[in-house]
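This report concerns only the one structure given below.
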Number of protein chains: 2
Amino acid sequence: MAKRGEAVGERISEAEHAVMEALWDERPLTAADVCDRVCGARAWSMPTVKTLLSRLVTKGAVRTEADGRRFLYTPTIERSDYVGHESRRLVDRLFGGRPASLFAQLAESEALTEDDLAEIERLLKELRS
Amino acid sequence: MAKRGEAVGERISEAEHAVMEALWDERPLTAADVCDRVCGARAWSMPTVKTLLSRLVTKGAVRTEADGRRFLYTPTIERSDYVGHESRRLVDRLFGGRPASLFAQLAESEALTEDDLAEIERLLKELRS
DNA sequence: GTCGCATGTCTACAGCCGTAGTCGATGAGT
DNA sequence: ACTCATCGACTACGGCTGTAGACATGCGAC
């Protein structure tokens, strides 16, 4: 069994992630706001969004703030942290922790466009400065 | 609901992935062989491995071949395909499909060692040749 | 003051995942 | 031939995930 994380370490599922994206895009949001942003794309109903939000609150990834009788939801973890965490997880799981292997994989599978290459080159130079 | 893939498109879970790694490392293997390779690290029992193997067979990720009364298990999908698929999934989900953003993220979070940078630089040059 | 609508909570339920036990069949040794 | 160890198949079960219905409650309009 995977180790159970502490405060912010709970795994965020795919559906929950969609809700997080909405909250990262703009915060705070009410449940209705979130539904406006995701119910179209995922064909969800309000109850579904409510469930996901409360699960996220339970997991500690989202915080609520009372606003009259309703809640305003705010993410407690930042997108960059989440993204960084997930990226490292992938690199560890599939590339033995070596980011260069990931890069090689992307290159080999021709997933890199000329723009990507140029951008990466630019970043590399920047890092070397 | 996520779309249900056809022949080889079924999602492979984390535990199943560990079994796949063993099979990618050497094939074909019997269930006992697989257990030898993973039961230590994951503290699994034989029945667990058997279950995972049959689920993988059901999902079409592993093929069996009779050998007397036992089975020899062989992966039907290659590791590089799986790894490429998962990488692209991550890039799509978290980086808007732009690999350069992934790279930027890794750089920013200081997940790149000097060796990684050198290696990536080398690969870049190679691609440009 | 009453009624309805908006909102969160609780409950539900099927399917997948992690983990494992049990059982029937079958090949191997005696 | 008989027994025993193996091996796969079937069954199990609690937890998580995706999805949603029912319900209580309380603000806002009249």
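Chain identifiers are assigned alphabetically (A, B, ...) following the order of the sequence lines, protein sequences preceding nucleic acid strands; residue numbering begins at 1 within each chain.
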| request: Would you indicate which nucleotide in C:dT19, D:dA20, D:dA9 comes nearest to any side-chain atom of A:Trp44? | output: D:dA20
| Spacing of A:Glu110 atom CD and A:Leu112 atom CG [to the nearest 0.5 Å] | 9.5 Å
| Counting distance only, does the side-chain N/O of B:Arg79 pair as donor-acceptor with the main-chain N or O of A:Leu94 below 3.5 Å? | yes
| request: Heavy atoms under 4.0 Å is the rule here; annotate nucleotides 21-30 of chain C 5' to 3' with B where the base is hit, S where only the sugar-phosphate is, and - elsewhere. | output: B-----S---
| field | Short side-chain N/O contact from A:Ser13 to OP1 or OP2 of D:dC16, under 4.0 Å | value | no
| query | For the pair made of CD1 in A:Ile12 and P in D:dT17, what is the distance, rounded to whole Å? | reply | 10 Å
| message | Taking ring-ring contact (aromatic ring centres under 6.0 Å, His included) as the definition, give me every residue that meets it alongside A:Phe95, ordered by chain and number, with sequence neighbours left out. | response | none
| said: How many whole angstroms separate atom CG of A:Leu56 from atom C1' of D:dT17? | reply: 12 Å
| query | Roughly, in whole Å, what's the span from OH in A:Tyr73 to P in C:dT7? | reply | 10 Å
| query | Rounded to whole angstroms, how far apart are CG on B:Leu53 and C1' on C:dT19? | reply | 14 Å
| Of the listed nucleotides D:dG18, D:dC7, C:dC17, the one nearest the side chain of B:Arg70 | D:dC7
| Are any side-chain N or O atoms of B:Thr30 and backbone N or O atoms of B:Leu72, one a donor and one an acceptor, separated by less than 3.5 Å? | no
| Does any residue of residues 23-34 of chain B have a heavy atom under 4.0 Å from DNA chain D, and if so, which ones, in number order? | B:Ala31
| Distance-only donor-acceptor test (3.5 Å): side chain A:Arg55, base D:dG18 | yes
| said: Rounded to whole Å, how long is the line connecting atom CZ of B:Arg42 with atom P of C:dC17? | reply: 14 Å
| Only one of B:Val57, B:Leu56, B:Val34 forms a side chain to side chain contact (heavy atoms under 4.5 Å, CB included) with B:Tyr73, so which one is it? | B:Val57
| query | Which value, rounded to the nearest 0.5 Å, describes the distance between B:Leu23 atom CG and B:Glu21 atom CD? | reply | 10.0 Å
| request: May I have the distance from A:Lys59 (atom NZ) to D:dG18 (atom C1'), rounded to whole angstrom? | output: 11 Å
| request: Please confirm whether the backbone N or O of B:Gly60 pairs with a side-chain atom of B:Thr76, one donor and one acceptor, at under 3.5 Å? | output: yes
| Thinking salt bridges, do B:Glu126 and B:Arg122 make one under a 4.0 Å N-O criterion? | yes
| request: Give a yes/no answer on whether the side chain of A:Thr48 brings an N or O atom under 4.0 Å of OP1 or OP2 in D:dA20. | output: yes
| Rounded to the Å, how far apart are B:Leu52 CG and D:dG8 P? | 14 Å
| remark: Whole-Å distance, A:Glu14 CD to C:dC17 P, equals 13 Å
| Going by an N to O cut-off under 4.0 Å, is there a salt bridge joining A:Arg98 and B:Glu119? | no
